[in-house]
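None of these values were measured; they are calculated from a predicted model. When a ligand or atom number is given, it counts from 1 through the structure's own listing order. Here, residue 1 is the first one in the sequence, and each next residue gets the next number.
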Amino acid sequence: MAIASIKGFRDVLPAEAARRRAIVDAARGVLEAYGYGEVELPLLEKVELFSRSVGATSDIVEKEMYAFEDRDGATIALRPEGTASLVRAYLDAGLARAQPVARLWYGGPMFRRERPQKGRYRQFSQIGAEFLGREDAAADAETLCLVADICAAVGVRGMRIQVNSLGDAACRPAYREKLTAYGRSVDLLLCDDCRVRLERNPLRLLDCKNEGCRAAMEAAPLMIDHLCDGCRDHHAEVLSLVLSAGVLLEANPRMVRGLDYYCRTAFEITAEGQGAQDAIGGGGRYDGLVAALGGPDLPGIGFAFGVERMQLASGSEADADAVPLAMIAPIGDVAAPAALALARRLRQTGCRIDLESPRRRLKAQMKQADKVGARFVVILGDAELESGRATVRDLKAQKDHPSLFALDDEAESIIAALGCVE
Ligand code: HAM
């Protein structure tokens, strides 16, 4: 019996891989223009890194993490996200001291054991960016501009950026109490999950998708109305700076995010083409995180996009593979060595050259050339081997060019000779 892949884990075949590479390349171009340097992070980290940052009571850590005991007894996990790893790397490398203001980005697979559905997988890819060491509103505004510019470069359709402020250590505790008190007053109307959230993570009562919970929370107090002066001023400045740069934001006072490290600015990016999971990216400010991970009290803000969701948002048409310039058609095993050597030399110029099996008949080889859209077929039969000159069939003009080049010509001049065929 064939072995299937694990639920929620998928293969990316060539056409899709090309599309994904184009998305990452487009994002990379924008990140570089904003001065971000790329960091490669490990896929495995200590579990504690995520429980201390993302939050021990968050769904990600509590229910979705692939955590296991290593052979030496250490508890490790496949990373569910990149921010905690990046901050750990920033501290490990001594950047907090040497270069506290840093713009760093990363990409690659993340792992969460969620229920798979359209746009939601157990292994997915992110493009994430973190701006460390700056607490001023201008850093938030620059980050939101970067988000909008990446979406534009990738060709995301129907992008919307929703923002909220989640307050800080000065104003959130009092708000949290108010929200909990409200939640208790409607707790009979809440779903089982929300009753647990009420005690452990009351902010998450606000973004439950359950209709009954939504109705019950309709009149709940909102963080945005309970910000301290510092948070209120910061938020107003972010909004006005972003507006002056020409990026549109939408206020969403019920957006809370599923990770615990956020304070002040939080945002989510939505787009067309998604199923029930419509966020293609999300992020926010996390001023306490560096200290929580054992570093100095330095602020940070960042975001991550999901590559699979960006694919859906920018059209999932498969890009065509690169079309071969030529296909080499060796006729019989005697032609195999010359064909292999010629293909290798031509491929070293960087052109795509297909090489057919010497055991297939010429007719079948021609059919294949048509199928892959090759412009030329280079035929190597007995006559060609004897004369040392290839016959080139131009598939566009349906015409043969006998002796177009000698088999031992320089690869560049062969490519040039093909390029000269009208
Ligand atoms: P997040 O909102 O958990 O944030 O994930 C960011 C994006 O990753 C989501 O908007 C979504 O596009 C994608 N994503 C998440 N889970 C899945 C899944 N199961 N399948 C497919 N795509 C998924 C973070 O991870 C934060 N680290 C972002 C951040 C960076 N905040 C500050 N800096």
Side-chain angles (χ1 to χ4, degrees), residues 7-10 12 20 23 27 31 36 39 41 45 49-50 53-55 58-61 63-66 78-88 90 102-132 139-140 143-144 146-147 150-151 154 156 159-164 166 204 207 255-271 273-290 293 299-314:
K7 189 176 165 193
F9 288 73
R10 49 195 289 280
V12 174
R20 288 162 67 91
I23 288 175
L31 286 157
Y36 278 72
V39 178
L41 299 163
E45 296 276 7
L49 178 69
F50 302 111
S53 55
V54 176
S58 63
D59 282 354
I60 293 178
V61 169
K63 302 183 192 153
E64 298 166 1
M65 209 152 64
Y66 284 93
L78 281 167
R79 61 181 186 187
E81 62 109 47
T83 309
S85 301
L86 188 117
V87 169
R88 181 203 47 68
Y90 167 83
R103 293 173 175 85
L104 300 166
W105 79 275
Y106 51 88
M110 308 289 161
F111 305 84
R112 297 184 194 174
R113 204 174 189 290
E114 297 188 81
R115 199 165 43 79
Q117 59 182 68
K118 181 180 178 189
R120 189 160 78 187
Y121 308 100
R122 292 181 170 177
Q123 174 179 330
F124 57 97
S125 247
Q126 280 189 348
I127 299 168
E130 313 295 348
F131 186 178
L132 290 147
D140 305 43
T143 303
L144 287 159
L146 171 57
V147 162
I150 289 177
C151 286
V154 166
V156 167
M159 178 207 66
R160 293 164 63 189
I161 305 177
Q162 307 193 346
V163 278
N164 193 15
L166 300 179
R204 300 241 57 188
D207 71 347
M255 190 241 297
V256 292
R257 310 277 300 131
L259 305 93
D260 286 357
Y261 47 61
Y262 293 113
C263 64
R264 295 196 163 176
T265 310
F267 52 89
E268 266 174 9
I269 305 101
T270 61
Q274 314 296 307
Q277 306 300 316
D278 65 348
I280 64 164
R285 179 161 278 290
Y286 45 82
D287 291 349
L289 181 60
V290 180
L293 292 177
I301 179 166
F303 60 86
F305 282 104
V307 174
E308 290 76 10
R309 295 190 193 171
M310 278 187 141
Q311 279 175 255
L312 292 170
S314 55

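- Ranking the protein heavy atoms by distance from atom 1 (P) of ligand 1 puts Arg257 NH2, 3.6 Å first.
- At distances below 3.5 Å, not a single donor-acceptor pair connects side-chain atoms of Gln126 with backbone N or O atoms of Glu81.
- Against a heavy-atom cut-off of under 4.0 Å, Glu114 is close to the following atoms of ligand 1: 16 (N), 17 (C), 18 (C), 19 (N).
- Ranking protein heavy atoms by distance to atom 26 (C) of ligand 1, first place goes to Tyr261 OH, 3.3 Å.
- If you check which protein heavy atom lies closest to atom 33 (N) of ligand 1, you get Glu130 OE1, 2.8 Å.
- Residues Val87 and Ser53 have side chains not in contact (no heavy-atom distance under 4.5 Å, counting atoms from C-beta outward).
- When all heavy atoms are compared, the tightest approach of Ala139 to Phe131 is CB-CE1, 3.7 Å.
- Of all atoms in ligand 1, listed by their number and element, those nearer than 4.0 Å to a heavy atom of Gly119 are 20 (N), 21 (C), 22 (N).
- Tyr106 and Glu130 share a donor-acceptor pair across their side chains, judged by distance under 3.5 Å alone.
- Under the 3.5 Å distance criterion, the side-chain polar atoms of Arg264 are left unmatched by any main-chain donor or acceptor of Gly284.
- The distance from ligand 1 to the heavy atoms of Tyr262 drops below 4.0 Å at these ligand atoms: 26 (C), 28 (C), 29 (C), 31 (N), 32 (C).
- Partners of Thr143 according to the side chain to side chain donor-acceptor pair (under 3.5 Å) rule, which considers only residues two or more places apart in sequence or in another chain, do not exist here.
- Proximity to Tyr286 (heavy-atom distance under 4.0 Å) selects the following atoms of ligand 1: 32 (C), 33 (N).
- Where the criterion is an N or O separation shorter than 3.5 Å, residue side chain and backbone included, Gly281 meets it with respect to ligand 1.
- Between Ala279 and ligand 1, at least one pair of N/O atoms sits closer than 3.5 Å.
- Distance check: Ile301 CD1 to Leu144 CG gives 6.0 Å after rounding to the nearest 0.5 Å.
- In terms of protein heavy-atom proximity, atom 12 (O) of ligand 1 is nearest to Ile280 O, 3.0 Å.
- Where the criterion is an N or O separation shorter than 3.5 Å, residue side chain and backbone included, Phe124 fails it with respect to ligand 1.
- Looking from atom 5 (O) of ligand 1 to the surrounding protein, the closest heavy atom is Gln126 NE2, 3.2 Å.
- Side chain of Arg204 to backbone of Val256: no donor-acceptor contact under 3.5 angstrom is found.
- Shown in contact with Leu259 at under 4.0 Å from a heavy atom are these atoms of ligand 1, numbered in order with element: 3 (O), 4 (O).
- From Gln123, atom CD reaches atom CD of Glu308 across 8.5 Å, with rounding to the nearest 0.5 Å.
- Distances between N or O atoms of Tyr106 and those of ligand 1 include no value under 3.5 Å.
- Proximity to Glu81 (heavy-atom distance under 4.0 Å) selects the following atoms of ligand 1: 25 (O), 26 (C), 27 (N).
- Shortest contact from atom 13 (C) of ligand 1 to any protein heavy atom: Gly306 CA, 3.7 Å.
- Here the protein heavy atom with the shortest distance to atom 30 (C) of ligand 1 is Thr83 OG1, 2.9 Å.
- Residue Gly283 has at least one heavy-atom neighbour below 4.0 Å for each of these atoms of ligand 1: 31 (N).
- Close contacts of ligand 1 with Gly282, meaning ligand atoms under 4.0 Å from a residue heavy atom, involve 10 (O), 28 (C), 29 (C).
- Shortest contact from atom 11 (C) of ligand 1 to any protein heavy atom: Arg309 NH1, 3.4 Å.
- Listed here is the closest heavy atom pair of Pro116 and Gly8: CG-CA, 3.9 Å.
- With hydrogens and angles disregarded, no donor-acceptor distance shorter than 3.5 Å links the side chain of Arg122 to the backbone of Phe9.
- Within the structure, ligand 1 lacks Glu308 among the residues with a heavy atom less than 4.0 angstrom away.
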Practice task
Run the numbers on Tyr261 and Thr83 for side-chain hydrogen bond (donor to acceptor under 3.5 Å, both in side chains), then give the verdict.
Solution key: CA-CA 10 Å; Tyr261 47 61; Thr83 309; 3.2 Å; yes
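- Among Val307, Leu312, Thr270, Val156, the one residue that satisfies the side chain to side chain contact (heavy atoms under 4.5 Å, CB included) test with Ile280 is Val156.
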